[in-house]
Amino acid sequence: MKTRMLHATPLSQGPATFTHRVRLASRGAALLALACVGLWLVPAAPADDWAYWRGADQSGVSRETNLIESWDLKSGRNVLWTSEIGGRATPIVLNGRVYLNCRTTDNINIPAEKINAGEQVVCWDLETGELLWRDKFNVFQTDIPAPRVGWSSMTGDTETGNVYLHSVSGLFRCYTPEGEVVWERSLFEEFGKISGYGGRNQTPIIDEDRIIVSFLTSNWGETRGPAPANTFYAFDKRTGELLWVGPTEGRPLDSNYSMPIIRVINGQRLLIAGDSDGSISALNARTGKMVWNFRMSRRGLNATTVSDGDYVYISHGEDNIDNQDFGRIQCINAVGTGDITETNSVWRVDGVKAGYTGLLVHDGILYVVADTGSMFAYDAKTGEQLWVHNLGTVGKGSPVWADGKIYVTEVNGNVHILKPSREGCETLSHVELLGASAPGFDEIYASPAISRGRVLIVTRDRTICLGEKEWTGTTGETPPLPEEAPLGELAHVQLIPYEVTLMPGESQSFRALGFDANGRPLGELSDVELTAADLGDGTVSGMTFTAGSGERDYGGRVVMQRGELKAIARIRTFPKADAWSWDFEGLSGNAVPPTWLRAFARMQPTEVDGTIAMRSAPAVSRPSLWVHIGPYKMTGYTIMADAKVLEVKRRISRVGVTCQRYNLILDGGANRVTIDTWLPHMRLSTNIPYDVKPGVWYRMKLLVETTDGVAEIKGKVWERDQPEPEAWTLVAKDPNPNLEGSPGLYLYSTSESFFDNVQVLPQEDK
């Protein structure tokens, strides 16, 4: 077994410099394959793998036979192995290995353990339960508490054998089966992902050469907000290069975790998922273009959809948009375009609150686990209720159909094996699991996973592998998707990669791809060239853009046009290493620095004390905000900024600066200065009393030095009109260091606050 900590690569260091370690995606044959006309001829997923949290065809259906009907943990009957590592995500199984994303077992209530608490990916051997490897990494810059770390499931690629992580801190990674990181993106620091305090995190899905993930974002440029957008991001699964971005239409009402499925309907390959605006949408899976939208709820959707032919099923547990009932089960005819709310409802059942679990359809029966812990069965074509079966009190784990049985869990430690029919439901096995880490029952949020005769159950406190030691069953075959419509004429063009960041003098080459109206690839386009907009003295040569001299930062685009068709790619270019300074003079209205992420949502240039500063008004909701102002692979720098807070109704904001994912915070409400990195638990908890005077400008300075695997985080705060003190105000040490991260600003806006004179400087010689 090997245990690795995040960022095992050494820091790049040099005198009076700070280093940008930006991992650029390669331009290999993998991306060229995306343009090949024959790409849709992808073989069906192997039936003995459970590479997506809902199985081989994303439906919660396994085609394996001769699976167990009962088991007992105490006696060990039909229990092959157990692990003390648990979680809340569904495990996946790929090529005989089990993968799980979860929090570490360190106790956040014990200071000596809390410093080590974080997130991890673990890999077991399916047959023996041997822990083959794990990758432990820090949680940072999120409001998500420890019990909800590891919310989203891993996703496996049956073609390459690689597996993918979406962490609660926005790390998006590709691992080899041996646990080596192939590529990584930072969704917070690159694309302005918004962290919900509830922990809801999307499980990514693989389709052909794309891995697609959804999250709430307020970014920069045309995606700057101020309202966030629920957006799908498609990356090349081999290189991590961004292929397309597909925003949904409505304004988000919640963070959500309705996971997508891929289906071919009416000849078009669709990505279908519930949205955070209370609707279900279908996007073209190859281009990200919206195809149709069906509005349902006044809150975000969390249940995952299923399909049967052209029918799509989804549910929710909140307010309906058109009556006073809470909850709905909905069947939609998925053949259509635009807003199909009024035209494409096949049947609906109101008043059943089913807001959490994925639905299940098999042999003409739709199975729905309600929030109250009851499982309902409906005729999938008509909506007629066939029966209801009680599981417990709280339903959150999604049911799985296999071998004529349904495997389903209930939150309060209940694991059921059922035998369903149209006439009713028989209980074959019911096991209650007691907690190992806390009194009472264990907790189960994950869904069962089935592979090679084994049934995997993940609880809060353990992972259990069930099955007969000598399995004599069969795997069956996963049916392929229906054929797509024949190739048509060129109707859509894309530039790849869709978004990049460049330092002065760096170049990026782009490729132009063509698609027909149904999203079928027509190949790479030739005889095209780029033009640039809002990118300063950067230059274009054919399909290559080169960043300019770096006297200032720019956020703009390159454009390719073929007839009436146009494609763009977004570029941020950053200043030279010694020129990162913003005093905001000349900015007015709603303008913010063009490369800053999430600044537009809450900052405005305002005249104050005879100068222009960035003002933040009190937030009505979700007051926490991180503004990222540089690439996330930066290290060896110092960030400085001036900050001032006002008092409003005895409330005073918290303001701060961020360096390598550590925060130096001036806390006006508590009258203290704090260094931290994971706010809900203060994993790195260092603070001292400090008299924060409303209306006074303070200067803040933060840097990180790492020696022998220990980070020393040094922060200073002083009144701006006073000389800089020689001593550091606060110093913290972290034995689990963050070795890189975007410089930024932190805000918890409960009153009016201001920033001015923001600088990112080369770190001084030691």
Side-chain angles (χ1 to χ4, degrees), residues 18 140-141 580-584 593 596 598-599 602-603 608-609 611-616 623-630 634 636-647 652-677 679 682 684-705 711-732 738 741-764:
F18 61 92
F140 55 88
Q141 295 181 340
W580 287 50
S581 178
W582 295 270
D583 63 9
F584 312 117
W596 287 20
R598 299 191 62 197
R602 297 261 285 278
M603 290 183 165
V608 56
D609 298 334
T611 187
I612 300 296
M614 279 294 172
R615 171 185 177 270
S616 178
S624 289
L625 174 71
W626 283 271
V627 175
H628 302 295
I629 64 179
M634 290 177 59
Y637 61 88
T638 299
I639 183 167
M640 297 179 62
D642 298 343
K644 179 173 76 169
V645 294
L646 303 182
E647 184 174 1
I652 304 176
S653 291
R654 300 200 296 262
V655 293
V657 293
T658 297
C659 179
Q660 291 181 204
R661 300 167 179 167
Y662 296 101
N663 311 303
L664 174 67
I665 296 177
L666 187 65
D667 188 343
N671 270 325
R672 65 185 181 185
V673 173
T674 299
I675 289 176
D676 62 42
T677 182
L679 295 180
M682 304 292 287
L684 184 74
S685 181
T686 304
N687 62 79
I688 61 170
Y690 195 94
D691 184 18
V692 182
K693 304 170 185 175
V696 173
W697 280 103
Y698 293 91
R699 183 153 290 168
M700 309 184 72
K701 181 177 182 179
L702 182 65
L703 61 85
V704 180
E705 297 173 341
E712 191 170 45
I713 306 101
K714 301 178 178 180
K716 282 185 187 180
V717 179
W718 70 96
E719 293 187 24
R720 186 173 67 176
D721 60 0
Q722 300 296 318
E724 177 180 348
E726 290 188 10
W728 293 98
T729 308
L730 199 58
V731 176
N738 300 324
S742 169
L745 306 176
Y746 170 77
L747 273 168
Y748 190 93
S749 296
T750 56
S751 67
E752 200 171 14
S753 56
F754 302 87
F755 282 102
D756 200 5
N757 299 317
V758 178
Q759 301 177 72
V760 181
L761 307 170
Q763 205 170 99
E764 300 172 359

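Side chains of Trp697 and Val608 form a contact here, defined as non-hydrogen atoms less than 4.5 Å apart. No side-chain heavy atom of Arg720 sits less than 4.5 Å from a side-chain heavy atom of Tyr698. Asp676 places none of its side-chain heavy atoms less than 4.5 Å from the side chain of Leu684. Inter-residue side-chain proximity for Thr686 and Thr674 is flagged as unmet; no heavy-atom pair is nearer than 4.5 Å. Residues Asn757 and Met640 have side chains not in contact (no heavy-atom distance under 4.5 Å, counting atoms from C-beta outward). Side-chain contact between Phe755 and Met603 is present, with heavy atoms from C-beta onward closer than 4.5 Å.
Looking only at distances, no side-chain donor or acceptor of Gln141 sits under 3.5 Å from a matching main-chain atom of Asn663. Counting only distance, with no hydrogens or angles, the side chain of Ser742 and the backbone of Gly630 share a donor-acceptor pair below 3.5 Å. A donor-acceptor distance shorter than 3.5 angstrom exists from the side chain of Thr677 to the backbone of Arg661, with no hydrogens or angles considered. The closest donor-acceptor contact from the side chain of Tyr662 to the backbone of Lys714 lies at 3.5 Å or more, if one exists at all. Panel note: side chain Asn671, backbone Val692; a donor-acceptor pair is recorded below 3.5 Å. Remark: side-chain polar atoms of Gln660 are paired, donor with acceptor, to backbone N or O of Gly636 under 3.5 angstrom. Checked by atom type and distance alone, the side chain of Thr750 pairs as donor or acceptor with a backbone atom of Ile652 at under 3.5 Å.
Electrostatic pairing of Arg699 and Glu724 does not count as a salt bridge here, judged by no charged N lying under 4.0 Å from a carboxylate O.
Among all heavy-atom pairs drawn from Ala732 and Ile675, the shortest one is CB-CG2, 4.0 Å. Between Lys716 and Ala727, the shortest heavy-atom contact is CE-O, 3.5 Å. When all heavy atoms are compared, the tightest approach of Gln759 to Ser581 is CG-OG, 4.0 Å.
Here the two rings, on Trp596 and Phe584, have centers that are under 6.0 Å apart.
Note that OG of Ser753 is 8.5 Å distant from CZ of Arg602, once rounded to the nearest 0.5 Å. The CG atom of Asp756 sits 7.0 Å away from the CG atom of Asp583 when rounded to the nearest 0.5 Å. The CD1 atom of Ile629 sits 8.0 Å away from the CE atom of Met634 when rounded to the nearest 0.5 Å. With rounding to the nearest 0.5 Å, the separation of CG in Leu761 from CD1 in Ile639 is 9.0 Å. A distance of 12.0 Å separates NZ in Lys701 from SG in Cys659, rounded to the nearest 0.5 Å. Taking CD1 from Ile665 and OH from Tyr748, the interatomic distance works out to 11.0 Å, rounded to the nearest 0.5 Å.
Checking Ser653 against Ser751 by side-chain atom types alone, a donor-acceptor pair falls below 3.5 Å.
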| request: Evaluate the side-chain contact (heavy atoms from CB on, under 4.5 Å) criterion for residues Trp718 and Thr729: first the C-alpha distance (whole Å), next the side-chain angles of each, then the deciding distance (0.1 Å), finally the verdict. | output: CA-CA 8 Å; Trp718 70 96; Thr729 308; 5.9 Å; no

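In this structure, Tyr746 and Trp626 have tilted ring planes: the angle between them lies in the 30° to 60° band.
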